[in-house]
There are 2 protein chains.
Amino acid sequence: MKYIEKLRKSGLRPTKQRLQICEVLFNREKTFHFTINELEQKIKNHTSSKISLATVYNTVHAFEKKGYLKQIPINSSETYFDTNVTDHHHFYDLKEEKLIDLENSDVGPINILKKLTEKRLNQLKFL
Amino acid sequence: MKYIEKLRKSGLRPTKQRLQICEVLFNREKTFHFTINELEQKIKNHTSSKISLATVYNTVHAFEKKGYLKQIPINSSETYFDTNVTDHHHFYDLKEEKLIDLENSDVGPINILKKLTEKRLNQLKFL
DNA sequence: TTAGCAGTTTATAATGATTCTAAAAAAGTG
DNA sequence: CACTTTTTTAGAATCATTATAAACTGCTAA
Ligand SMILES: [Mn+2]
Ligand SMILES: [Mn+2]
Ligand SMILES: [Zn+2]
Ligand SMILES: [Zn+2]
């Protein structure tokens, strides 16, 4: 499997559960935006063996810590995660009712016009 | 009081609790970014009479519905609200560890460089 | 002014996403 | 295999938020 080494390199043991979750998360063409419960459903469809909810949480947090997943700041009762860990922008497609990724290069520079000191500017993180 | 008419116009009865909460929320110079619990603390400091937590939630949601408050999309266990209901940007000041408002006019236009149909573009909402 | 309705407040319970716990299972090591 | 460390797991605990329903308040028609 292609994920075994990836996990080992990160100091994570390549368990059956983690490998299955890797398949669901990363073996796809496009970015995946998901909640824990959506992920759990996908896992159920993908495999016959059951993975406990606690493990799904544990694994997602472990992957987040290692930089393989990112949380998405959004107003929802459930936390959203993103397999696209680049620094990118989210747009909401009102018609299709889903999040769209646009890379920084797709959006062009954010120009702060307001007068702020150089020092101040550099300590700002665009949300 | 200056808030009585504002509430009446919105179809909200100007109760003692709502007026007190208005004072805390809106009688200030700068934008206020807050959680329900932070607001509760401010209310405690501001007034002698106690307002129940349920009322704080009710009022904040009523004000949000009427357009006097806005939720802020952010990753936190608590929901953040904003007294600045203009369509504006949030930056995080890493040094001061707090959210900064920059108005759209302070940031300049967001240029989507990626090729998308006009129709598609218009149904996108920048988050 | 007052009766009565509708809207509001309140304490408390319920909900639900997430985290914690601790015991069992699995993986790494030699 | 023997041993240690990490991981999984079911279930309990936590905590922000919402629901409930009874008491209270504001409004207004008569
Ligand atoms: Mn996390
Ligand atoms: Mn709300
Ligand atoms: Zn994304
Ligand atoms: Zn703001």
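In what follows, every heavy atom counts, from backbone to side chain, and hydrogens, waters and symmetry copies are set aside. Letters A, B, ... are given to chains in the order of the sequence lines, protein chains preceding strands, and every chain is numbered from 1.
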- Note on the structure: Its contact letters, B for base, S for sugar-phosphate only and - for none at protein heavy atoms under 4.0 Å, make nucleotides 24-30 of chain C read --BBS--
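- Computed from coordinates, the B/E5 CD to D/dC27 C1' distance equals 17 Å when rounded to whole Å.
- Side-chain N/O atoms of A/T79 include none lying less than 4.0 angstrom from OP1 or OP2 on C/dA17.
- Interatomic distance, OG1 of A/T83 versus OH of A/Y68, reported as 14.0 Å (0.5 Å rounding).
- For A/Q41, the side chain to side chain donor-acceptor pair (under 3.5 Å) criterion is met by no residue, not counting sequence neighbours.
- When the P atom of C/dT8 is taken as reference, atom CD1 of B/I21 falls 13 Å away, rounded to whole Å.
- Within residues 32-44 of chain B, no residue places a heavy atom under 4.0 Å from DNA chain D.
- Interatomic distance, CD of B/E97 versus OH of B/Y92, reported as 4.5 Å (0.5 Å rounding).
- Between A/E78 atom CD and C/dT18 atom C1' there is a gap of 11 Å when expressed in whole angstrom units.
- Across all strands shown, B/S77 has heavy atoms under 4.0 Å from sugar-phosphate atoms exclusively, and none from any base.
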Which atom pairs link the protein and nucleotides 11-13 of chain C when you take only N or O atoms and keep those under 3.5 Å?
unit_1, atom_1, unit_2, atom_2, d
C/dA11, OP1, B/K50, NZ, 3.3
C/dA11, OP2, B/K50, NZ, 3.0

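- Among A/Q71, A/K70, A/H33, the single residue meeting the side-chain hydrogen bond (donor to acceptor under 3.5 Å, both in side chains) criterion with A/D82 is A/H33.
- When the side chain to side chain donor-acceptor pair (under 3.5 Å) test is applied to A/T79, no partner is found at least two apart in sequence or on another chain.
- At a threshold of 4.5 Å between side-chain heavy atoms, the hydrophobic network of Ile, Leu, Val, Met, Phe, Trp and Tyr places B/I21 and B/V85 in two separate groups.
- A/E38 pairs by the side chain to side chain donor-acceptor pair (under 3.5 Å) definition with nothing, not counting sequence neighbours.
- Position along DNA chain D of the nearest nucleotide to B/Y57 versus A/G11 favours A/G11 as the more 5'-ward residue.
- At least one donor-acceptor pair closer than 3.5 Å links the side chain of A/Y3 to the backbone N or O of A/N27.
- Rounded to 10°, the helix from C/dT1-D/dA30 to C/dG30-D/dC1 has 30° between the axis fitted to its first five pairs and the one fitted to its last five.
- Here D/dA16 presents its C1' atom at 11 Å from CZ of B/F81, a figure rounded to the nearest Å.
- For A/Y80, the side chain to side chain donor-acceptor pair (under 3.5 Å) criterion is met by no residue, not counting sequence neighbours.
- Distances shorter than 4.0 Å separate some side-chain N or O of B/H61 from OP1 or OP2 on D/dT18.
- As a whole-Å value, the separation of A/F63 CZ from D/dT7 C1' is 12 Å.
- A search for ring pair (Phe, Tyr, Trp, His ring centres under 6.0 Å) contacts involving B/H88 returns B/H90, not counting sequence neighbours.
- By the ring pair (Phe, Tyr, Trp, His ring centres under 6.0 Å) test, B/F32 pairs with B/F34, sequence neighbours left out.
- One finds the CG atom of A/D87 at 4.5 Å from the CG atom of A/N104 (value rounded to the nearest 0.5 Å).
- Taking the side chain to side chain contact (heavy atoms under 4.5 Å, CB included) definition, one finds that A/T15 meets it with A/R13, A/Q17, A/R18, sequence neighbours left out.
- We find that CG of B/N58 is positioned 18 Å from P of D/dC24, with the value rounded to whole Å.
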Per-pair distances, 0.1 Å, donor-acceptor, side chain in residues 42-51 of chain B, under 3.5 Å, sequence neighbours excluded:
unit_1, atom_1, unit_2, atom_2, d
B/T47, OG1, B/I43, O, 3.2
B/T47, OG1, B/S49, O, 3.0
B/S49, OG, B/Q20, OE1, 3.1

